[in-house]
Amino acid sequence: MRRYLIALLAMTLLMTAASFVVMWVAPQYFIIAMPLLALYFGVVCLVQHWLVTRAMNRSPKTFVQIFLGSVVGVLFLHLIVLAINLFSHPAQARLFTIAFAIGYAASLVFETVALVRFVDRHRKERLNNEK
């Protein structure tokens with residue numbers, strides 16, 4: 001888990017730095033929500049990863065239910081956040097949607113790679129314990 005937390009912190013800091021680069025290079029395209037989106041996606045990734053990895057020690061049926069439930073829950077959370085911002089700040093809707101889509105893609109790739117690595121490590125440990 002320590003390795004995951006360091007990688008998650010690095011991803012969050014990289015996304016935050018990218019938003020500040022936008023602020024310095026093209027200030028007309030910067031909105032204050034950009035650095036906050038990095039924090040939002042970092043927290044969501046952390047909670048989702050914690051739920052899924054905790055479910056690995058349970059039965060396969062429970063793991064699949066928790067994994068799919070967390071994916072659907074996170075998607076609904078993202079839709080709610082996107083909709084709230086679109087209705088509360090319509091002037092910044094396009095920039096927020098673009099920033100949100102980039103953050104979503106980055107966090108999706110990060111979390112997918114992290115979960116695949118975790119499952120592989122868990123499977124290897126279980127095989128070594130059976131020998």
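A salt bridge does not link Asp120 with Arg117: none of the charged nitrogens is closer than 4.0 Å to a carboxylate oxygen.
Considering CZ of Arg3 and CZ of Arg121, their distance stands at 5.5 Å, rounded to 0.5 Å. Between Leu39 atom CG and Thr12 atom OG1 the span is 7.0 Å, to the nearest 0.5 Å. Here the OG1-CZ distance, from Thr62 to Arg54, works out to 11.5 Å after rounding to the nearest 0.5 Å. Separating the CD atom in Gln92 from the CD1 atom in Ile98 is a distance of 12.5 Å, to the nearest 0.5 Å. Between the CG atom in Leu37 and the OG atom in Ser107 there is a gap of 10.0 Å [rounded to 0.5 Å]. Atom CG of Leu36 and atom CD1 of Ile31 lie 9.5 Å apart (nearest 0.5 Å).
For the pair Ala99 and Met34, the tightest heavy-atom approach, listed with the atom from each and the gap, is CB-CG, 4.0 Å. Counting all heavy atoms, side chain and backbone alike, Val52 lies closest to Ser70 at CG2-OG, 3.6 Å. When all heavy atoms of Ile66 and Arg58 are compared, the pair lying nearest together is CD1-NH1, 3.4 Å. Closest of all the heavy-atom pairs between Gly42 and Leu8 is O-CD2, 3.5 Å.
Within a 6.0 Å radius of NE2 in His89, other residues, nucleotides and ligands contribute 12 heavy atoms or fewer. Phe63 CZ: more than 12 foreign heavy atoms inside a 6.0 Å radius. Sparse packing is recorded around CZ of Arg123, with 12 or fewer heavy atoms of other residues, nucleotides or ligands lying under 6.0 Å away.
Residue Val44 is grouped with residue Leu108 when hydrophobic side chains (ILVMFWY) are merged at heavy-atom distances under 4.5 angstrom, including chains of intermediate members. Val47 and Leu82 fall within a single hydrophobic cluster, where Ile, Leu, Val, Met, Phe, Trp and Tyr side chains are chained together by heavy-atom contacts under 4.5 Å. Phe76 and Phe41 are members of different hydrophobic clusters when ILVMFWY side chains are connected at heavy-atom separations under 4.5 Å. Tyr104 and Leu77 fall within the same hydrophobic cluster, defined by Ile, Leu, Val, Met, Phe, Trp and Tyr side-chain heavy atoms under 4.5 Å apart, directly or through other members. Hydrophobic clustering of Ile, Leu, Val, Met, Phe, Trp and Tyr side chains at less than 4.5 Å, counting indirect connections, keeps Leu9 apart from Met11.
Side-chain atoms of Leu46 and Leu5, non-hydrogen and from C-beta on, do get closer than 4.5 Å to each other. Side chains of Val81 and Phe100 form a contact here, defined as non-hydrogen atoms less than 4.5 Å apart. By the 4.5 Å heavy-atom criterion applied to side chains, Phe67 and Leu51 are not counted as neighbours. Considering only heavy atoms from C-beta on, Met56 comes within 4.5 Å of Phe118 through its side chain.
When hydrophobic residues (I, L, V, M, F, W, Y) are linked wherever their side-chain heavy atoms come within less than 4.5 Å, the members clustered with Val25 are Val21.
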Hey, mind stepping through His78 and Tyr40 against ring-ring contact (aromatic ring centres under 6.0 Å, His included) and telling me if it holds?
CA-CA 10 Å; His78 290 335; Tyr40 165 76; 5.5 Å; yes
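Within the 6.0 Å centre-distance limit, the rings of Phe110 and Tyr4 are counted as a close aromatic pair.
Residues meeting the side-chain contact (heavy atoms from CB on, under 4.5 Å) test with Ala106, sequence neighbours left out: Met15.
If you check the side chains of Thr16 and Ser19, you find no donor sitting under 3.5 Å from an acceptor.
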